[in-house]
There are 2 protein chains.
Amino acid sequence: MAGHGARGRSGGRPTLEEVAARAGVGRGTVSRVINGSPRVSDATRAAVEAAVAELGYVPNTAARALAANRTDAIALVVPEPETRFFAEPYFSDMLRGVGAALSDTEMQLLLIFAGSDRERQRLAQYLAAHRVDGVLLVSVHADDPLPDLLAQLEIPAVISGPRSAEETLTSVDSDNYGGARSAVEHLIARGRHRIAHITGRLDVYGAQRRIDGYREALRDAGHVVDEQLIEAGDFTEEGGRRAMTRLLARCPDLDAVFAASDVTAAGARQVLREAGRRIPEDVALVGYDDSAIARHMDPPLTSVRQPIEEMGRRMIDLLLTEIADRRPAVSRGLERRQVVLATELVGRASS
Amino acid sequence: MAGHGARGRSGGRPTLEEVAARAGVGRGTVSRVINGSPRVSDATRAAVEAAVAELGYVPNTAARALAANRTDAIALVVPEPETRFFAEPYFSDMLRGVGAALSDTEMQLLLIFAGSDRERQRLAQYLAAHRVDGVLLVSVHADDPLPDLLAQLEIPAVISGPRSAEETLTSVDSDNYGGARSAVEHLIARGRHRIAHITGRLDVYGAQRRIDGYREALRDAGHVVDEQLIEAGDFTEEGGRRAMTRLLARCPDLDAVFAASDVTAAGARQVLREAGRRIPEDVALVGYDDSAIARHMDPPLTSVRQPIEEMGRRMIDLLLTEIADRRPAVSRGLERRQVVLATELVGRASS
DNA sequence: AGGTACCGTGGGAGCGCTCCCACAAGTGAT
DNA sequence: ATCACTTGTGGGAGCGCTCCCACGGTACCT
C-alpha cells in the first residue's frame, strides 16, 4: 500500500495550492475561479485559468466533497426485484437521456441495485450517510417504502412513474392515459367494435391510467364498455397468454386486443395464433412500449411509444433543480412538480 | 447554501470521533475496527462494534477517500458511439453480473458515458485525476485509445472482449470460436451442406473468432469452405439484410445461414421470406446472443447463448484482484489474465 | 477631509478520515 | 534483574478542498 508520504509528489496531480503558487495568487482565489464565482477580476481569472491549463489541474472530488459537504453524485436506483427489468428499451433509453443531460454537468451517475433485502439495507445506509446529492427512482411499486425514506431524509428525488395520483415526490411520466386512448381510437378508426384490453399490473399507477384511457376512448366514441372485455395481466408474456386464453373463452367475438405492453401482446399473439385467429384480419393487436419485440414480431406490432429518453433527460433536469434548491419538493410545501410527456402511436401491420 | 457551522450537529451523522468517545477508546482504534485490522483485542472490538451499532455510524466516504487516496469506486465505461449499444440483453445481463459481484463489496459502480468526443475528453480527465480505483471496459473497438491510456495511467482495468489475440489488458470473453463451432456443427448434424455465414464487424476480434469457428467446424466435418458463402455484416439488422441479399444472389443453393448476431439473423430472415424461402424447411437459420428477439422471432430462432451475467461477475472479480494488487496487469509483467467462458447453443424452430 | 460602502483578495480553520509514530504493558530470553 | 521484542492502543499530522473573516484598496457619498 502506498504510504502517506510516498504518494507521488513526483509530478503527480497538482493541488489547488500549486495552482495558486503558479498563478501568483492565493488559494481562495483559485477556488473562486474554479467554482465560477463572479467576485474575481478578469485579469486574475485569466492568470488562474492559464495556470490551471498549464498544470492540467483537476480538482480532487473527495476533498471537495469533504469540505463542502456534498457529493456531486446522484444515484440511479434500480429496483430489479423481478429480474431483468432493464432488458427492455425502457431502461437503456432512459439511461441515454440521463447520460445526455448529465454530460452537461459535473455530476456523476451512480448505479445502485436494490433487488435483495440486503441490497436495500445497504441502500438505506447509503442514503442515511448522504453519499449522494439526489436520487432517481425508476419503476417503483405502490408499496415501496423507499420514496418515503427519501422524503424523510430530505434527499432530493425524482420518480419515473408516480405511485398514485397523489404522488408527493417530483415525478416524470409519459401520458399513459393518452397513449391508451390513442391506441383504442386507432382500433375504432379501423372499424373494430369488440376491443379487449389486457391490463398491466394493477398495482402500477400507469397501468390504471391505461385502463382509464381505454374506457374513456370507447365511451367517447359511443361504445359501451363491456367489462368482460377487460382482463388483468401483469406486463409479462405469460400473463398475456393467460389473459388472452380467458378472453377468448369469454368473448369469442372480440376483434381487437389492446395489450398494456409489447411482451403481453406477444403472449396474446401466440394464443390467438393457436386458436386459429389471423392477425390483423380476424383480430387486430396493439401493444405498448414500442420495444424491439414490436418491430420483430410477425406481423410487426402496432405499439405506443413513450419518449423515454426525453423522460430521462427531464428527470435529471428536475433533480438538479431540486438539488440546487437544496430541499426536496415536499418540504418546500406547495408545488409538486409532475411532468407528463406525450406518447406516439406507431402503426404497423398488426392492426 | 448550508453554512459551515450550520451543518447539523443536531444528532446528524456521527463521526469516528464520536464513536470513539462512546466506546471509550481512541480514534485510531475505531478506525482499525472499521477496517477489519487484526491488531485489536476482542474486547475492544466488541465495544467499538456496539458503539457503531448504537450510533448508527456509517463512515464518510469522502473523508476516507481523501485520507487514504482511494475512491472505492469503479467505473463502467459505456462507449455507446453506435447508439443504444446496451438495448440488447448484453448490457443488462452484464450489469446484473456486475451488480451481483459488487454487492459483496463496498465498491460503488459509476456509469460513465464516453460516446461523444467531449465525453471522452472528460473521461480522460476523470481517469487522470484518479477518481476511480478501476475501470470496466465493454465493447471496445480495435482502434480505441482508451485501453492504452488506462495502461499508461496504471489504472487497473478489465476489458470484456479482447481487442486482439495479443490483448495486454486483463480480459473476460465468451468462447466465440467454440460458440460458432457449435452452431455450425448443429447445422451439419441437421443435414445441411451449404451453410453460409454472415459475419459481424470485421474489426471486432470476437467476430473474427466466430469466422474461425465457422471455418474449422466445416473443415473438421470434411466440408470444403466455400468463401462465396461468407459475407461481411456488421451485427445490425440492415447489415443482415444486405448480406443476405448478396448471398442469395451469389449462392441460391444455400440451405443454412449462421448469422453473427440475432438482429443480423432477423434481417436475413426478412430477405429469405421475401425470396420465398421457408425457414427452416428451405433454409435453416441460427443466430448469436440468444436475445429477446430470438425468442420472439417467427419461427423462434436457434441461437448461441453467452454467459454474459457470469462474464460481468468475473470481470469484477478480476478487477478487484488487480485493485488489491494496486497495479495493472501490464506493469506486473508476466501473466496476462484472460478468462474465456463457454457458450451454449439454444435450439429452436428455425433450424 | 472624513466616513461608508463595496470589491477583490489572502489565508486560517476545519471537514472526517487514515497513517504512522510513540508509548505502555506484557512476554520471554539472557 | 535487564534487555529485547511484541501487542494493543492513543492521538498528531495531514489529505485537498471550501467557507468565511479580515484586510487593503478604490469609489462614492456627505
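Letters A, B, ... are given to chains in the order of the sequence lines, protein chains preceding strands, and every chain is numbered from 1. Excluded from the calculations below are hydrogen atoms, water molecules and symmetry mates; all remaining heavy atoms, backbone and side chain alike, are included.
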Show me the donor-acceptor pairs within less than 3.5 Å that the side chains of residues 46-61 of chain A make with the rest of the protein, sequence neighbours left out.
residue	atom	partner	partner atom	Å
E54(A)	OE1	R22(A)	NE	2.7
E54(A)	OE1	R22(A)	NH2	2.4
N60(A)	OD1	A62(A)	N	2.8
N60(A)	OD1	A63(A)	N	3.0
T61(A)	OG1	R131(B)	NE	3.1

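- Look at R64(B) and you'll find a side-chain N or O under 4.0 angstrom from OP1 or OP2 of dT18(C).
- In terms of phosphate contacts, N35(A) brings a side-chain nitrogen or oxygen within less than 4.0 Å of OP1 or OP2 of dT18(D).
- Side chain of T44(B), nearest nucleotide from dT18(D), dG11(D), dT9(D): dT9(D).
- In this structure, the side chains of L110(B) and T71(B) stay at 4.5 Å or more apart for every pair of heavy atoms.
- The closest side-chain heavy-atom distance from V77(B) to V140(B) is not below 4.5 Å.
- Taking 4.0 angstrom as the limit, S41(B) places a side-chain polar atom (N or O) nearer than this to OP1 or OP2 of dT9(D).
- Dashed line: the shortest gap from a side-chain N or O of T29(B) to OP1 or OP2 of dG8(D) is not under 4.0 Å.
- Of the two residues near DNA chain C, E17(B) and R45(A), the one whose nearest nucleotide lies more 5' is R45(A).
- Within 3.5 Å, no donor on the side chain of R13(A) pairs with an acceptor on the base of dG16(D), nor the reverse.
- Atom CG of D104(B) has more than 12 neighbouring heavy atoms from other residues, nucleotides or ligands inside a 6.0 Å radius.
- For the pair N69(B) and dT18(C), the criterion of a side-chain N or O lying under 4.0 Å from OP1 or OP2 is not met.
- Comparing dT7(D), dT18(C), dC17(D) by their nearest atom to the side chain of P59(A) picks out dC17(D).
- For R39(A), a side-chain nitrogen or oxygen approaches OP1 or OP2 of dC7(C) to under 4.0 Å.
- Here the C1' atom of nucleotide dC17(D) and the OH atom of Y57(A) are 7 Å apart, to the nearest Å.
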